[in-house]
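Working notes, beginning with the structure itself.
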Number of protein chains: 2
Amino acid sequence: MTTIKALTGSLEDYLEAIYHLLHQENKARVKDVADHLQVKKSSVTVALRALAKQKLINYAPYGEVTLTLLGEKTAEDVVRRHETLKEFFITVLDVDAKQAEDTACKMEHVLSKEMTDKFIQFMEFIDICPRTGQDWVEKFHNYCGEKHASGDCKGCLNEVKEKIRLLPSVKTKEETLCALSSLKPGEKAEVVKIQHKGTFRKRILEMGVTTGAVLMVERMAPLGDPVDIKIRGYHLSLRKEETKNILVKILR
Amino acid sequence: MTTIKALTGSLEDYLEAIYHLLHQENKARVKDVADHLQVKKSSVTVALRALAKQKLINYAPYGEVTLTLLGEKTAEDVVRRHETLKEFFITVLDVDAKQAEDTACKMEHVLSKEMTDKFIQFMEFIDICPRTGQDWVEKFHNYCGEKHASGDCKGCLNEVKEKIRLLPSVKTKEETLCALSSLKPGEKAEVVKIQHKGTFRKRILEMGVTTGAVLMVERMAPLGDPVDIKIRGYHLSLRKEETKNILVKILR
DNA sequence: CTCTTTTGTTAGATATATCTAACTTTAAGC
DNA sequence: GCTTAAAGTTAGATATATCTAACAAAAGAG
Ligand SMILES: [Mn+2]
Ligand SMILES: [Mn+2]
Ligand SMILES: [Mn+2]
Ligand SMILES: [Mn+2]
């Protein structure tokens, strides 16, 4: 039997904490988890037993805690929901970091994959659509903070006008294209062309690196290998070799 | 003592159900609440006791349930959060009604007033900003559903161009203005001028009807009295007399 | 005004998530 | 290597939210 019941929100939080501790400190001790979640150690012990019973972690009393493959997958899923909501709250709604973090961690447990994808697509669309982009988001933040004078709209329209005038680079496309390898951490770009063949190409597509997708470079090792990117809410690590043949269009 | 503890999510749901039943059916029986929330009647009895203890409802065994003033206020607050999230999910993210309803009702319990306001302002801004509006939202929905061809952006830009060409009606403002009383149910508008004086004006401003605010006409009685509007997430009922002297600019 | 159905309550059970207090194991200091 | 300090576990308590089953009150039908 052992019905694979959906995890409770509480257990998702424990799993998430373990995931972060393992990736940041290389160990997830009971005490660390307890501190992280602001609960007592005895509560953690109980939770660990529950997670172990569901085959999400490897655990025995006094033993060290590691994630199973299923646990790793499940944790990544929770983290994706968490980060998606948090990013929306901070970058779009302009909510302060702490509140965004707290609210995201409470809401993440009831956000379906479908809706997570919608949130991600929405943020992508804001970035991609020439009408909007980061400057439009900033307009919104000002709209929130201050009185909205009619003059703002007029000025704003002129900006879009200018944006449009500059944009018919649809023909002179080449100029705006560059290899993924040439991006700097923090930069966002739209995938335009994947110049890979066979299995390699297939693998990369499976990871979500498809034409039209928006990615952001998160980290880049000194020699540019590997390159950590975030795409569709997922974190990926690519070999330098793999990034050279992915052509992108830098956003903004 | 009787520390005024924050309501649990569960109790907020009971309160919300009672609120809706009282406003729609004029009575909130234990059975109705149970059906509404898909729980057993015995669970409702327990919840009613808890709500009564917190002075949110008037209740005695076998007696009828009514909301106290505090309960009414609190319920309105829950409903505002619920409707705000649901509206965002449906109108912006294009999530289907059922999932939007369910997710909103789970998330509403952890959404602060501040963040609720942000969501509302964001939807207002999409409506008000000449760059975006409903047509932009539709672009997003198409972007989600289908492959995003580059041609779309080009066409989209031409639309904005046209929008801008038509928009320098900033000077010929008068033409686009009209009295709130002349709107039809479902129409949205931005408040431009409130031609009221003294106490009346003050009262109306307190209710959230201020210059720049976006409102939507929800219902209008046969003779146009009263007019039910939604503004900043709040439902208001205005006398016909009061709507005549509120000048608005219809959106879209 | 009785009888029956519906509605509502109570008591007791189960499940989750937390805590405190007492105890056990492991790790550190010297 | 002992001895202490830190980390981890267990047992038992509390709180919330639900359920089932048995019972009580109110409403409806005739
Ligand atoms: Mn969480
Ligand atoms: Mn989280
Ligand atoms: Mn709810
Ligand atoms: Mn709700």
Side-chain angles (χ1 to χ4, degrees), chain A residues 1-18 21-22 25-54 56-66 74 78 102 105-110, chain B residues 1-18 21-22 25-54 56-66 74 78 102 105-110:
Chain A
M1 299 243 312
T2 55
T3 334
I4 296 174
K5 235 191 314 183
L7 276 185
T8 61
S10 173
L11 288 186
E12 283 194 340
D13 281 339
Y14 283 103
L15 194 66
E16 201 187 11
I18 292 164
L21 287 167
L22 284 179
E25 327 278 331
N26 284 308
K27 63 188 153 81
R29 298 183 312 164
V30 170
K31 185 181 187 291
D32 302 326
V33 176
D35 290 349
H36 196 278
L37 295 177
Q38 310 237 67
V39 295
K40 292 292 178 287
K41 287 179 295 172
S42 54
S43 304
V44 177
T45 303
V46 174
L48 292 183
R49 267 202 295 268
L51 290 173
K53 197 157 70 185
Q54 304 220 36
L56 294 164
I57 62 172
N58 302 116
Y59 164 77
Y62 299 105
E64 76 176 314
V65 176
T66 56
T74 310
V78 178
D102 293 348
C105 205
K106 283 176 192 150
M107 289 185 168
E108 73 197 359
H109 312 293
V110 297
Chain B
M1 299 242 317
T2 55
T3 333
I4 296 174
K5 237 191 311 185
L7 275 185
T8 61
S10 173
L11 288 185
E12 282 194 342
D13 280 340
Y14 283 104
L15 194 65
E16 200 186 11
I18 292 164
L21 288 166
L22 284 178
E25 327 277 332
N26 283 310
K27 64 189 153 77
R29 298 183 312 164
V30 170
K31 183 178 189 292
D32 303 325
V33 176
D35 290 349
H36 197 279
L37 294 177
Q38 311 236 67
V39 295
K40 293 291 178 289
K41 287 179 297 174
S42 54
S43 305
V44 177
T45 303
V46 174
L48 292 184
R49 268 202 293 269
L51 290 174
K53 197 157 69 183
Q54 304 220 37
L56 294 164
I57 61 172
N58 303 116
Y59 164 76
Y62 299 106
E64 75 175 315
V65 177
T66 55
T74 310
V78 179
D102 293 349
C105 205
K106 282 175 192 149
M107 288 186 168
E108 74 196 358
H109 312 292
V110 297

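Below, each value reflects all heavy atoms present in this structure, side chains not excepted, and no hydrogens, waters or symmetry copies. Chain naming here is simple, since letters A, B, ... match the order of the sequence lines and numbering starts at 1 in each.
- In this structure, A/L21 atom CG and D/dA7 atom P are separated by 14 Å, rounded to whole Å.
- Checking the phosphate oxygens (OP1, OP2) of D/dT10, a side-chain nitrogen or oxygen of A/R49 falls inside 4.0 Å.
- Atom pair B/Q38:CD and D/dC19:P shows a separation of 10 Å (rounding to whole Å applied).
- The pair A/D35-A/K31 meets the salt-bridge criterion, with a side-chain N (NZ, NE, NH1 or NH2) lying under 4.0 Å from an Asp/Glu carboxylate O.
- Taking the nucleotide of DNA chain C with the nearest heavy atom to each of A/K40 and A/P61, the more 5' of the two is matched to A/K40.
- What separates CG of B/D35 from C1' of C/dT6 is a distance of 12 Å, to the nearest Å.
- Distance A/K106 NZ to C/dA17 C1': 16 Å, rounded to the nearest Å.
- For the side-chain contact (heavy atoms from CB on, under 4.5 Å) criterion with B/L7, the lone passing option out of B/V78, B/L51, B/D13 is B/L51.
- For A/V39, the listed nucleotide lying nearest its side chain is C/dC19; candidates were C/dC19, C/dT26, D/dT18.
- Across the protein-nucleic acid pair, A/R29 atom CZ and C/dT25 atom C1' stand 14 Å apart, rounded to whole Å.
- Look at A/Y14 and you'll find a side-chain N or O under 4.0 angstrom from OP1 or OP2 of C/dT18.
- Checking the phosphate oxygens (OP1, OP2) of C/dT9, a side-chain nitrogen or oxygen of B/Y59 falls inside 4.0 Å.
- The nearest whole Å value for the distance from the CG atom in B/L48 to the P atom in D/dT16 is 16 Å.
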Where do B/T8 and B/Y14 land on the side chain to side chain contact (heavy atoms under 4.5 Å, CB included) test, with the steps shown first? CA-CA 10 Å; B/T8 61; B/Y14 283 104; over 6 Å; no
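- Checked against A/M107 for a side-chain contact (heavy atoms from CB on, under 4.5 Å), the options B/E108, B/H109, B/M107 give a single hit: B/M107.
- In the set C/dT7, D/dT20, D/dT18, the nucleotide with an atom closest to the side chain of B/V46 is D/dT18.
- For A/S10, taking side-chain heavy atoms from C-beta onward, the closest of the listed nucleotides D/dG8, C/dT18, D/dC19 is C/dT18.
- Nucleotide C/dA17 holds its C1' atom 17 Å from the CG atom of A/L15, rounded to whole Å.
- Summarising the geometry of A/V33 relative to A/A17, their closest heavy-atom pair is CG1-CB, 4.4 Å, with the distance given to 0.1 Å.
- Atom CG of A/L51 is separated from atom P of C/dT16 by 13 Å (rounded to the nearest Å).
- On a pure distance criterion of 3.5 Å, a polar donor-acceptor pair joins the side chain of A/S42 and the base of C/dT20.
- Between B/S43 and D/dC19 there is a side-chain polar atom (N or O) within less than 4.0 angstrom of OP1 or OP2.
- If you check D/dC19, C/dT9, D/dG8 against the side chain of B/K41, the one that comes closest is C/dT9.
- Candidate nucleotides D/dA17, D/dG8, C/dG8 were compared by shortest atom distance to the side chain of A/Y62, and D/dG8 ranks first.
- In terms of polar N and O atoms assigned as donor or acceptor, the side chain of B/T45 never comes within less than 3.5 Å of the base of C/dT10 in a complementary pairing.
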